[in-house]
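Inspection log for the structure reproduced underneath, given as structure tokens.
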There are 2 protein chains.
Amino acid sequence: MDEGAPQKGTVTQRAIEEIKAMIAEGRLEPGQRLPTERELAARLGISRSSMREAVRALTVMGVLEARHGSGIYVTALEAGDLLETFGVVADLSRGPRLVELLEVRRILESTATALAAARITDDRLAAVEKHLAAMNATDDPEEILAHDLAFHREIASAAGNETMAAILDGLSSRTFRARVWRGYQEEGAFARTRREHAAIHRALAARDPEAARAAAAAHVGEVEEWLRAQLGG
Amino acid sequence: MDEGAPQKGTVTQRAIEEIKAMIAEGRLEPGQRLPTERELAARLGISRSSMREAVRALTVMGVLEARHGSGIYVTALEAGDLLETFGVVADLSRGPRLVELLEVRRILESTATALAAARITDDRLAAVEKHLAAMNATDDPEEILAHDLAFHREIASAAGNETMAAILDGLSSRTFRARVWRGYQEEGAFARTRREHAAIHRALAARDPEAARAAAAAHVGEVEEWLRAQLGG
DNA sequence: CGCCTCGTAGTGGTCGGACCACTTGACTGG
DNA sequence: CCAGTCAAGTGGTCCGACCACTACGAGGCG
């Protein structure tokens with residue numbers, strides 16, 4: 001009997017597909033521990049080095065998690081785990097690509113905010129207000145940034161779609177850094193952001209999806225237009 | 001003088017960040033060739049094995065491309081390259097997560113189709129029609145699937161946002177497989193899909209964004225509801 | 001008896017070196 | 001001048017050793 005696999009691509013690639021298949025077919029459950037690297041390598045008939053590369057690859061994808069001294073585990077396979085690399089995309093994108101990313105964010109964020117307006121609970125709304133207040137109470141850029149992110153994350157989460165929230169999270173990191181620059185270059189940006197955030201909050205409190213959608217779209221579109229102008233000029 | 005980096009996490013992780021930084025800072029241009037693995041390893045003071053893991057990690061992220069016998073190159077860093085892992089997310093998602101992914105797809109696809117209706121050229125519209133005709137001319141599931149994918153890809157591309165098109169591409173692979181199952185289980189699904197595609201095409205030809213948005217949303221929502229029902233029952 | 005400490009086996013993390021498979025380009029012979 | 005050949009260099013794979021850390025149980029202490 002042959003080994004079955006007649007060499008497709010590199011051995012490492014084959015190992016990656018193999019492990020992915022195990023998970024996709026349910027042979028490996030989220031949170032479950034995998035065999036040791038040494039055994040996995042032996043089982044697939046490859047060296048430990050190659051197997052390690054495969055594990056590393058799946059680790060950066062957020063599929064596996066290696067704990068030093070303990071073992072290799074399947075992650076919870078939740079949206080946040082798998083979409084972590086999405087942030088890298090945002091970090092490495094430049095110029096026109098960044099505008100495209102912002103456009104995607106505008107579409108998703110406006111919809112998410114609209115959904116949130118319809119579904120948000122009083123508790124979550126209070127959390128949103130807390131971040132809004134904290135954001136207005138300080139003038140430390142770093143702190144503002146943190147609460148700004150949390151503000152939007154809370155809203156996206158309230159929309160009831162964790163996958164969408166995770167994607168928006170990834171789309172934000174780079175974006176918000178750009179906004180910091182902007183704050184330095186263009187006076188009044190902070191004040192405008194404050195007004196826009198207030199408008200979003202008002203729409204949420206009023207449970208008005210359409211107003212929320214419009215406010216969120218305007219908020220992101222604001223940055224988008226500014227960036228577009230930067231590239232054109 | 002110290003080496004500067006006081007050991008943050010694993011050496012491999014450090015190497016990954018290092019290379020990513022090189023690209024983010026523009027020290028490495030898209031398409032450019034990197035130093036050899038051996039030299040990179042020596043430059044960061046780590047072993048070649050560890051460096052190889054770093055390169056492998058960046059390779060699966062679509063940032064680098066290793067050509068056997070030739071060297072390591074930075075990819076074009078286009079949306080398609082970086083968002084390839086997005087398909088993995090779709091492949092590994094199950095149950096409620098899949099519904100969430102479809103919801104994201106519905107939002108993006110409907111908007112993309114609306115944009116396409118406003119911007120599509122006659123040439124691209126002809127290409128869309130070609131896939132539509134090919135899809136209706138055969139009854140081989142595999143071929144239908146291929147043209148179905150191409151149909152939507154063409155539309156997403158016509159929307160003028162390659163990033164969005166790439167994301168939609170990733171969101172589709174798994175989705176469409178589910179639809180194949182569906183075709184087997186539920187008679188009339190093909191006919192309904194055919195009607196929905198026709199409606200989308202009609203809206204595109206009429207350059208009617210709102211109609212296009214509605215048709216696309218209904219198209220994806222159809223699958224979404226079916227899947228939701230599957231999970232509930 | 002119960003808790004705490006310490007040792008130890010086992011795991012992932014790193015290393016160095018050897019060899020293989022493939023690409024590339026210069027060199028050689030026609 | 002061209003085609004074929006060959007050698008240097010690159011990524012791909014493998015091996016075996018050792019390090020760093022974790023987990024868990026044996027043993028000691030209270």
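Just so you know, these numbers use all the heavy atoms, side chains as well, and skip hydrogens, waters and symmetry mates. So that the names make sense, note that chain A is the first sequence line, chain B the second, and so on, each numbered from 1. Nothing here was measured: the structure is a model prediction, and the numbers come from that model.
- Considering only side-chain N and O atoms, Thr12(B) lies under 4.0 angstrom from the phosphate OP1 or OP2 of dT14(C).
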Intermediate values then yes/no, side chain to side chain donor-acceptor pair (under 3.5 Å), Glu109(B) and His152(B): CA-CA 8 Å; Glu109(B) 183 108 34; His152(B) 289 291; 3.0 Å; yes

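- Comparing Arg38(A) and Gly71(B) against DNA chain D, the residue whose closest nucleotide sits nearer the 5' end is Gly71(B).
- Computed from coordinates, the Ile72(B) CD1 to dT23(C) P distance equals 16 Å when rounded to whole Å.
- Regarding Ile16(A), its CD1 atom lies at a distance of 13 Å from the C1' atom of dG12(D), rounded to whole Å.
- Contact between the side-chain N/O atoms of Ser47(A) and the OP1/OP2 oxygens of dC14(D) is found at a separation under 4.0 Å.
- The NE2 atom of His68(A) sits 6 Å away from the P atom of dC21(D) (whole-angstrom rounding).
- Between Arg14(B) and Glu17(B) there is no salt bridge, since no side-chain nitrogen of the basic residue lies less than 4.0 Å from a carboxylate oxygen of the acidic one.
- A donor-acceptor contact under 3.5 angstrom links the side-chain atoms of Arg48(B) to the base of dG12(D).
- With DNA chain D read from its 5' end, the first of the two nearest nucleotides for Glu37(B) and Ser49(B) is the one closest to Glu37(B).
- dG16(C) atom P lies 13 Å from atom CE of Met51(B), rounded to whole Å.
- Atom OH of Tyr73(B) is separated from atom P of dT23(C) by 12 Å (rounded to the nearest Å).
- Side-chain contact, Ser70(A) with Arg33(A): no donor N or O sits under 3.5 Å from an acceptor N or O.
- When the nucleotides dG11(D), dT24(C), dC14(D) are ranked by their closest atom to the side chain of Ile46(A), dC14(D) comes out on top.
- Residue contacts shown for Arg67(B) are limited to sugar-phosphate atoms, with no base heavy atom under 4.0 Å away.
- A salt bridge is defined here as a Lys NZ or Arg NE, NH1 or NH2 lying under 4.0 Å from an Asp or Glu carboxylate O, and Glu65(A) with Arg67(A) meets this definition.
- Between dG11(D) and Arg52(B), no contact under 4.0 Å exists linking OP1 or OP2 to a side-chain N or O.
- Taking atom CZ of residue Arg56(B) and atom P of nucleotide dT10(D), one finds them 19 Å apart after rounding to whole Å.
- Distance CG (Leu44(B)) to C1' (dT14(C)): 14 Å, rounded to an integer number of Å.
- We find that CD of Glu39(B) is positioned 15 Å from C1' of dG11(D), with the value rounded to whole Å.
- Nearest nucleotide to the side chain of Val11(B), out of dC15(C), dT13(D), dG12(C): dC15(C).
- In summary, Lys20(B) and Asp91(A) do not engage in a salt bridge, as defined by a charged side-chain N under 4.0 Å from a carboxylate O.
- Closest approach to the Ser50(B) side chain among dT13(D), dT14(C), dG12(C) is made by dT14(C) (side chain taken as heavy atoms from C-beta onward).
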